[in-house]
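Below is one structure; the comments refer to it alone.
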Protein chains: 2
Amino acid sequence: MLKHGILGLINYGDMTGYEIMKVFRDSLSYFWTANTSQIYRELQTLKRKGFVTDAVVRQNGKPDKKVFSITESGREELKRWLMEYDYGNSNIPLCMKVFFAGELSRKENMERFKKIKDDALKTIERYSAAPEIMDAYKTRVEDPEVSIYWNMTKEFGIRFMKMLAEWCDDCIRELEGAEG
Amino acid sequence: MLKHGILGLINYGDMTGYEIMKVFRDSLSYFWTANTSQIYRELQTLKRKGFVTDAVVRQNGKPDKKVFSITESGREELKRWLMEYDYGNSNIPLCMKVFFAGELSRKENMERFKKIKDDALKTIERYSAAPEIMDAYKTRVEDPEVSIYWNMTKEFGIRFMKMLAEWCDDCIRELEGAEG
DNA sequence: TGGGTCATGTAACCTGTTACATGATTAG
DNA sequence: CTAATCATGTAACAGGTTACATGACCCA
C-alpha cells in the first residue's frame, strides 16, 4: 500500500526518498504516516521491480541525493492498483486510492464511488438484520452489561457505513457538477 | 491486537482455537477477521507469556482439543490494554476495545469516550484550518483536476471525525441513562 | 464416495515499527 | 557551540496473509 502511495507521489514528479518522507509528514500525515526506513526500503523494491529508476545528483554544500522517476511499467502498476476494487479493512487504502484518483477518468471514478456506496448499503442491511450481535455468546457470558458495548460496536459499524454512503453520493455529485 | 482480542474472548470463558476462529468468522467478521493460522500462533505466544494456560481434552468420535483458560496475569494484561489510550490508525482497534469495554467501569468508559470525542473535535479543527491540502504540491502538479480528489480525501477525514464524535456522545448518553 | 465439520498446526512471505547509525551544512 | 535540516540507510522485530498439510467422523 505504501508502495503505491510512493508510486503515486513520484508520478506527480521526480522525487528523492527524503522529499517523499516530507510529503507524508507534512501533507498526508492526517490519514497516513510512513517512517523513513520503510520509504527507503520500498524505493529499493520499486526499483528492483522496474517501477522506478534512480539517478544520483551531486549538490554543493549538501549531501548527494538519489532522485527517483516513475517508469512506464510503474505508471501501469499505479493504474492497475487504482482500478482494483480492494479497500482493505481500514480507511487508509480508501483514502490513498481516492487521493490518487485523478489518474483515472471521471467516469471511472463515479462508477467506483457508486460501487463503494452500494456495498456500504448492503453492509448496513447485513448489520441491521442481525438483531443482536454475538447471540451465541450471550449464553456464555453471565453479565448483561457487556452486551451494551457489543451493540455500541455494531452501531459504530452502521454509522460508519452510512457516512461512507453519503460521502460517496456527494463525491459523485461533485464530479457530475464539475463536468457539465 | 489480535492477541488482545483472543484474550478478551477467552476471558468470557474457556475456549479452543477452533472455537475462537468460529467467533471471529460468525460474529466479529464485520469488523475483524482472523485466519486460523494466526489464531493458533497467537495462542502459543499468549501461553509462552503466561497469559493463558491450556489443557488437552479427549473426546470420543472427535479429535482431541486444547482448551485455553485465561490466567490472572492474562486478565491484568487485558485490562492494561483496555486502559491504554491507543487506537492505532484504523477502526479495528477502536471496535476491539469498545467490544471488550465491559471489563472496565462505566465511569472509566465514559471518560474514555469523552477523550476520543475531544480528540476527534481537535482533529476536525486541524483539518479545517488547512484550507487546501497539499498546497506545496499544487505547484508541481499542473493538472488542477487532481486537487478535487485531494479535497475529497480531506472531506472524508472530517466526516469520519464528526461521526466519531457524535457516536461517542451517544455512547456516553447511553451509559448515563442506564446508570440512573 | 465425496463434501462438510471438527481440530490441529507449519512455513514462507510481506509489510509496518523501532532502534540504531552516519555525516555535512546552516541558522541562531 | 548546538540544534535543526538535508540525506542516506541497516537490523531486528512484530503482526498479518497465503498456501500447505493432516486426519477422523458424519451425513447425503
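Naming convention: chains lettered A, B, ... in sequence-line order (proteins, then strands); numbering from 1 in each chain.
- Interatomic distance, CE of M110(A) versus SG of C168(A), reported as 13.5 Å (0.5 Å rounding).
- In this structure, R80(A) places its CZ atom where more than 12 heavy-atom neighbours from other residues, nucleotides or ligands lie under 6.0 Å away.
- When the C1' atom of dG9(C) is taken as reference, atom CG of L43(B) falls 11 Å away, rounded to whole Å.
- With dG16(D), dA12(D), dA7(C) as the candidates, the nucleotide lying closest to the side chain of Y18(B) is dA7(C).
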Practice task
Show your working on salt bridge (Lys or Arg N to Asp or Glu O under 4.0 Å) between E125(B) and K122(B) and close with a plain yes or no.
Solution key: CA-CA 5 Å; E125(B) 268 174 54; K122(B) 265 179 222 152; over 6 Å; no

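- Which of dT17(C), dG23(C), dG16(D) sits closest to the side chain of L2(B) comes down to dG16(D).
- With rounding to whole Å, Y40(B) atom OH is found 18 Å from dA21(D) atom P.
- Of the two residues near DNA chain D, Q59(A) and S37(A), the one whose nearest nucleotide lies more 5' is Q59(A).
- In this structure, the nucleotide among dT8(C), dG16(D), dC6(D) sitting nearest to the side chain of K66(B) is dT8(C).
- Computed from coordinates, the D26(B) CG to dT5(C) C1' distance equals 12 Å when rounded to whole Å.
- Of the listed nucleotides (dA7(D), dG16(D), dG9(C)), dG9(C) has the atom at the smallest distance from the side chain of Q44(B).
- Residue K49(A) is the one, among K62(A) and K49(A), whose nearest nucleotide of DNA chain C lies closer to the 5' end (criterion: closest heavy atom).
- Remark: of the listed residues Y30(B), F31(B), F100(B), Y12(B), Y12(B) is the sole one forming a ring pair (Phe, Tyr, Trp, His ring centres under 6.0 Å) with W150(A).
- The CD1 atom of I20(B) sits 11 Å away from the P atom of dG9(C) (whole-angstrom rounding).
- Counting to the nearest Å, the C1' atom of dA7(D) and the CZ atom of F68(A) are 12 Å from each other.
- In this structure, L46(A) places its CG atom 14 Å from C1' of dC14(C), rounding to the nearest Å.
- For K115(A) and Y85(A), the positive end sits near the middle of the six-membered ring, less than 6.0 Å away and at most 45° from its axis.
- dG9(D) atom C1' lies 14 Å from atom CG of D64(A), rounded to whole Å.
- In terms of position along DNA chain C, the nucleotide closest to W32(A) lies nearer the 5' end than the nucleotide closest to the other residue of the pair W32(A) and P63(A).
- The residue M21(A) sits apart from the nucleic acid: no heavy atom pair falls under 4.0 Å.
- Each of dT15(C), dC6(D), dA7(C) was ranked by its minimum atom distance to the side chain of K65(B); first place goes to dA7(C).
- Residues F51(A) and F68(A) keep their aromatic ring centres 6.0 Å or farther apart.
- Relative to the side chain of M1(A), the nucleotides dA7(C), dG16(C), dT17(D) differ in distance, and dG16(C) lies closest.
- At the heavy-atom level, T16(A) lies under 4.0 Å from the strands shown only through sugar-phosphate atoms.
- Side-chain proximity of E42(B) to dG16(D), dT17(C), dG23(D): nearest is dG16(D).
- Taking only side-chain nitrogens and oxygens, Q38(B) never comes nearer than 4.0 Å to OP1 or OP2 of dG15(D).
- The side chain of R41(A) lies closest to dA12(D), out of dC6(D), dA12(D), dG16(D).
- In this structure, D86(A) atom CG and dT17(D) atom C1' are separated by 12 Å, rounded to whole Å.
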